[in-house]
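Order of the sequence lines fixes the chain letters, A, B, ..., with proteins taken first and strands second; residue numbering starts at 1 for each chain. Owing to the predicted nature of the structure, the values given are computational and were not obtained by experimental measurement.
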There are 2 protein chains.
Amino acid sequence: MAKDSTTEQLIADTAEKVFLEKGIAGARMQEIADAAGINKALLHYYFRSKDKLFEYVFDRVFQDFVMRLRTVFEEELPIEGQIRVFISRYIQIFDRKPGMPLFIQTELYRNPDLIKRFTFLQSVFPADYIRKEIAKKVEVGEWRPIRVSDFLTNLIGLCVYPYLAQPLLQHAFSMNDSDYQGFLENRAETIYTFFLQGLRTQ
Amino acid sequence: MAKDSTTEQLIADTAEKVFLEKGIAGARMQEIADAAGINKALLHYYFRSKDKLFEYVFDRVFQDFVMRLRTVFEEELPIEGQIRVFISRYIQIFDRKPGMPLFIQTELYRNPDLIKRFTFLQSVFPADYIRKEIAKKVEVGEWRPIRVSDFLTNLIGLCVYPYLAQPLLQHAFSMNDSDYQGFLENRAETIYTFFLQGLRTQ
DNA sequence: TTATAATTTAACTAAATGGTTAAACCTAAC
DNA sequence: GTTAGGTTTAACCATTTAGTTAAATTATAA
């Protein structure tokens with residue numbers, strides 16, 4: 001019977017696009033079916049309900065995100081190098097799916113229970129490891145003391161904010177789409193320099 | 001007949017809460033009416049349609065935001081002092097309405113036309129002024145060169161991100177609500193130090 | 001008092017929407 | 001060729017939802 005998962009894949013991919021664009025409340029099952037080139041009956045044949053489909057998509061999106069980042073702080077590099085990789089990989093993820101950060105934050109804000117689905121989050125936010133590295137750097141007088149939560153919030157905020165606030169920033173800086181694309185392309189290097197300098201003592 | 005604007009106010013305040021929490025797509029007129037302690041008929045009596053009500057609320061929220069920030073970079077202070085004021089005022093705004101940043105970004109992302117309603121945005125993002133100040137500081141060797149767009153994106157991102165990503169961060173750092181509140185309270189100082197240091201040459 | 005505006009009540013409409021059903025059709029494996 | 005599962009069609013159901021209506025009621029200002 002050769003489980004033909006192509007259709008399931010197609011549905012999930014299409015649903016992801018629609019959900020990313022409109023959120024669960026704004027998305028319509030009919031629209032997903034149309035966009036996938038199938039009919040509503042088949043949609044419910046594969047995914048019983050809108051909620052089930054949403055959860056499936058949400059998990060997939062988040063897993064994709066986590067999987068691309070979880071190994072960064074395990075690599076054999078000095079912390080500065082890990083930070084550089086972290087930044088560029090973060091940006092790389094969102095370049096492929098610019099709507100992803102806003103989607104995750106919004107759905108999470110409106111339904112905090114979704115947080116329960118977040119496994120492996122500690123590997124993307126390796127607080128203990130970072131704490132130790134900060135301590136080392138502080139001891140040799142290279143960095144100022146900083147809380148882990150501030151360290152990671154700053155780092156991630158610098159990476160993600162341009163994607164979360166794209167329409168606002170693009171308008172504020174009078175950029176067209178390709179201007180903004182150019183702006184984003186230079187961010188990785190800017191962030192790296194700025195972030196590391198921000199940590200230093202002098 | 002004394003136009004009793006109390007009810008209009010009440011409706012707008014209540015609608016704001018509901019819209020901030022659920023977005024336009026997730027909000028229900030009935031829910032707004034109930035929360036305001038009135039009936040749906042009266043809701044439509046004051047605001048003809050959901051869209052009209054939403055636009056009214058959206059404008060109010062954004063205007064409130066702009067009005068609290070527009071004067072910061074006109075104050076008689078050195079740029080460092082202006083930055084300090086900017087940060088603390090930014091944070092102060094969101095402390096009162098934590099859902100506001102996510103609301104604005106999400107609705108703007110899903111309906112980019114709303115950007116047309118953004119007047120005075122240039123006074124919150126005074127690109128020309130900042131450009132000149134950067135140039136001065138670079139000339140005396142105090143700051144590294146940085147694009148205005150990066151300068152403002154970094155500054156605002158550092159302020160706003162903890163509000164945009166509250167559920168995620170709170171979970172990642174295993175904080176309860178009061179932990180997170182404490183985390184936010186120290187942010188202003190942290191950001192100020194970190195941001196200014198990030199700009200420096202050495 | 002009287003007229004006018006605010007508010008409630010309650011029923012109603014029309015459209016959108018998630019989800020179901022059953023029969024028919026297609027296709028590939030056996 | 002038969003069978004089983006994927007797919008379509010098309011109608012249908014129940015519920016939700018924005019918005020309306022009209023009549024009754026309450027407050028308010030002139």
Side-chain angles (χ1 to χ4, degrees), chain A residues 1-61 103 106-107 109-111 113-114 117, chain B residues 1-61 103 106-107 109-111 113-114 117:
Chain A
M1 33 118 219
K3 176 138 185 266
D4 190 63
S5 85
T6 311
T7 305
E8 194 173 323
Q9 195 85 7
L10 169 70
I11 292 176
D13 290 347
T14 311
E16 185 181 308
K17 276 179 211 147
V18 177
F19 280 136
L20 280 178
E21 201 181 320
K22 317 216 164 172
I24 188 177
R28 299 287 163 251
M29 292 298 268
Q30 188 62 60
E31 187 187 353
I32 295 172
D34 291 348
I38 58 160
N39 51 339
K40 225 175 33 161
L42 194 62
L43 201 57
H44 283 90
Y45 176 80
Y46 276 93
F47 299 90
R48 280 204 182 154
S49 69
K50 190 183 183 184
D51 283 337
K52 291 258 197 306
L53 176 57
F54 177 80
E55 283 183 8
Y56 183 88
V57 167
F58 188 84
D59 283 350
R60 241 186 30 152
V61 167
F103 170 75
T106 303
E107 298 305 336
Y109 183 81
R110 301 206 173 135
N111 179 11
D113 267 4
L114 286 172
R117 315 186 81 81
Chain B
M1 34 111 217
K3 175 135 185 267
D4 190 65
S5 86
T6 311
T7 305
E8 194 173 323
Q9 196 84 8
L10 169 70
I11 293 175
D13 290 346
T14 311
E16 184 180 308
K17 277 179 210 147
V18 178
F19 280 137
L20 280 178
E21 202 181 320
K22 318 214 162 173
I24 189 178
R28 299 286 162 250
M29 293 299 267
Q30 187 62 59
E31 188 187 353
I32 295 171
D34 291 347
I38 58 160
N39 50 343
K40 224 176 32 162
L42 194 62
L43 201 58
H44 283 90
Y45 177 81
Y46 276 93
F47 299 89
R48 279 201 183 155
S49 69
K50 190 183 182 184
D51 283 337
K52 290 257 197 308
L53 176 57
F54 177 79
E55 283 183 7
Y56 183 88
V57 167
F58 188 84
D59 282 350
R60 243 185 30 150
V61 167
F103 170 75
T106 304
E107 299 305 335
Y109 183 81
R110 302 209 171 132
N111 179 10
D113 268 4
L114 286 172
R117 314 185 82 81

* Roughly, in whole Å, what's the span from CD1 in A:Ile38 to P in D:dT7? -> 8 Å
* Asked: Are any of the side-chain nitrogens in B:Glu21 or A:Arg110 under 4.0 Å away from the carboxylate oxygens of its partner?
  -> no
* To do: Evaluate the criterion ring-ring contact (aromatic ring centres under 6.0 Å, His included) for residue pair B:Tyr56 and B:Phe47; output intermediate values, then yes/no.
  => CA-CA 9 Å; B:Tyr56 183 88; B:Phe47 299 89; 5.1 Å; yes
* To do: Using atom CD of A:Glu8 as one end and atom C1' of D:dG5 as the other, report the distance to the nearest whole Å.
  => 14 Å
* **Centroid-centroid under 6.0 Å between B:Phe58 and B:Phe103 rings** => yes
* Asked: Hey, are A:Gln9 and A:Asp13 close enough side-chain-wise for a donor-acceptor pair under 3.5 Å?
  -> no
* For B:Leu42 and D:dT21, what is the distance between atoms CG and P respectively, to the nearest whole Å? -> 16 Å
* Asked: Which nucleotide, D:dT8, C:dA6, C:dT8, lies nearest any side-chain atom of A:Asn39?
  -> D:dT8
* Asked: Counting just side-chain N and O atoms, does A:Thr7 come under 4.0 Å of either OP1 or OP2 of D:dT7?
  -> yes
* **Closest contact, heavy atoms only, A:Ile11 versus A:Leu42** => CD1-O, 4.4 Å
* For B:Val57 and B:Glu16, work out which heavy atoms get closest and say how close. => CG1-CA, 3.7 Å
* How would nucleotides 17-24 of chain C be written as a contact map, 5' to 3', with B for base contact, S for sugar-phosphate-only contact and - for no contact, using protein heavy atoms under 4.0 Å? -> SBBBB---
* Looking just at side-chain N and O atoms, do A:Asn111 and A:Glu107 make a donor-acceptor pair shorter than 3.5 Å? -> no
* Pairwise side-chain contact, B:Leu53 with B:Tyr46, heavy-atom cut-off 4.5 Å (strictly under) -> no
* Asked: Looking at five pairs on each end of the helix from C:dT1-D:dA30 to C:dC30-D:dG1, what is the angle between the two axes, given to 10 degrees?
  -> 10°
* Asked: For C:dT7, does either OP1 or OP2 sit under 4.0 Å from a side-chain N or O belonging to B:Tyr45?
  -> no
* To do: Round to the nearest Å and state the distance from B:Ile32 atom CD1 to D:dT17 atom P.
  => 12 Å
* Asked: What integer distance in Å separates B:Leu43:CG from C:dT8:P?
  -> 11 Å
* Asked: Would you find a donor on one side and an acceptor on the other, under 3.5 Å apart, between the side chain of A:Lys22 and the backbone of A:Lys17?
  -> no
